[in-house]
Amino acid sequence: MDLAAVHAALAGKSYSSIAPLCDDLFLQAASRGAATDGWPYAVHLLAHLYLNDLNSARFLWKSTPQEAKDARPELAAVWRIGQCLWNRDYAGVYAAAQGFEWSPEIADFVAAFLESYRKRIFQLLTSAYSTISVADVAHFMGMNEEDATNYAMQNGWSLDAAAKMLTVVKPKVKTNQKLDASKLQRLTECVFHLEH
């Protein structure tokens, strides 16, 4: 089994390309009947979590041999992250990711996953709330209250220190209206018709 492409993607920090790459290589190995004893299940599973593809992650976990699950604590640690994501245990995601001593091969990938997850959660909070308590932001973002407040304020939110509430600033949605000649012609004809 040639995993050079997976290692190159990890080294190049091309994390979004790892899940489809692993899927293809795994299917090729399975179609040839090759043994998958050395398969990087933890990387493969984390790649699906990185893409927020929980269904594929669950399928991979269920199809992973029990021997691999028992023999690889790093794989079990990645699955704990997946379980927290599935159960929407926001604080648990951070606890599971930060509560394990990751191997050098996957440590940067886990850090990138956490950053991506944090951005996704922040966008979710931005779209869902107009005001939110500092404690809730800290809970969802896996940070202490001071760091969560600083993160939110760096992204344009404002703080009411007395109430310990953050006011969400929604990003301005840019809409580009393209006016082509036919639309302008129809508008002109309509106005002309109304005037005469």
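What you see below is based on every heavy atom in this structure, not just the backbone, and it leaves out hydrogens, waters and symmetry mates.
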Table please: side-chain donor-acceptor pairs of residues 10-19 below 3.5 Å, with sequence neighbours left out.
{"residue": "Lys13", "atom": "NZ", "partner": "Asp108", "partner atom": "OD2", "Å": "3.1"}
{"residue": "Ser17", "atom": "OG", "partner": "Ser14", "partner atom": "O", "Å": "2.7"}

Extract all donor-acceptor atom pairs below 3.5 Å that involve side chains of residues 47-61 and protein atoms in other chains or at least two apart in sequence.
{"residue": "His48", "atom": "NE2", "partner": "Asp23", "partner atom": "OD1", "Å": "3.1"}
{"residue": "His48", "atom": "NE2", "partner": "His44", "partner atom": "NE2", "Å": "3.4"}
{"residue": "Asp53", "atom": "OD1", "partner": "Ser56", "partner atom": "N", "Å": "3.2"}
{"residue": "Asp53", "atom": "OD1", "partner": "Ser56", "partner atom": "OG", "Å": "3.2"}
{"residue": "Asp53", "atom": "OD2", "partner": "Ser56", "partner atom": "OG", "Å": "2.6"}

Show me, pair by pair, the donor-acceptor contacts under 3.5 angstrom made by side chains of residues 129-136, not counting sequence neighbours?
{"residue": "Ser133", "atom": "OG", "partner": "Asp136", "partner atom": "N", "Å": "3.1"}
{"residue": "Ser133", "atom": "OG", "partner": "Asp136", "partner atom": "OD2", "Å": "3.2"}

Show me the side-chain donor-acceptor pairs of residues 109-122 shorter than 3.5 Å, one per line, residues at least two apart or across chains.
{"residue": "Arg118", "atom": "NE", "partner": "Met141", "partner atom": "O", "Å": "3.0"}
{"residue": "Arg118", "atom": "NH2", "partner": "Met141", "partner atom": "O", "Å": "3.1"}

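Residue Thr167 holds its OG1 atom at 10.5 Å from CE of Met153, rounded to the nearest 0.5 Å. To the nearest 0.5 Å, atom CH2 of residue Trp79 and atom SG of residue Cys84 are 10.5 Å apart. Rounding to the nearest 0.5 Å places CZ of Phe100 at 9.5 Å from CD1 of Ile81.
Residues passing the side chain to side chain contact (heavy atoms under 4.5 Å, CB included) test with Asn150 are Glu146, sequence neighbours excluded.
Counting non-hydrogen atoms of other residues, nucleotides and ligands closer than 6.0 Å to CD of Glu189 gives a total above 12.
For residues 64-74, the set of pairs meeting the side chain to side chain donor-acceptor pair (under 3.5 Å) definition, not counting sequence neighbours, comprises Gln66-Asp70, Glu74-Ser103.
In terms of heavy atoms, Leu25 sits closest to Val6 at CD1-CG2, 3.6 Å. Nearest heavy atoms, Val169 versus Gly156: CG2-O, 2.9 Å. The two residues Ala152 and Leu166 come nearest to each other via the heavy atoms CB-CD1, 3.9 Å. What you find for Ala68 and Leu75 is that their closest heavy atoms are O-CD2, 3.9 Å. Here the shortest heavy-atom pairing between Tyr41 and Pro65 reads OH-CD, 3.3 Å.
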Could you go through Val43 and Ile106, starting from their C-alpha distance and side-chain angles, then the distance that decides it, and tell me whether this counts as side-chain contact (heavy atoms from CB on, under 4.5 Å)? CA-CA 7 Å; Val43 170; Ile106 200 172; 4.1 Å; yes
Please lay out, stage by stage, how Trp39 and Leu3 fare under the test side-chain contact (heavy atoms from CB on, under 4.5 Å). CA-CA 8 Å; Trp39 187 255; Leu3 299 174; 3.4 Å; yes
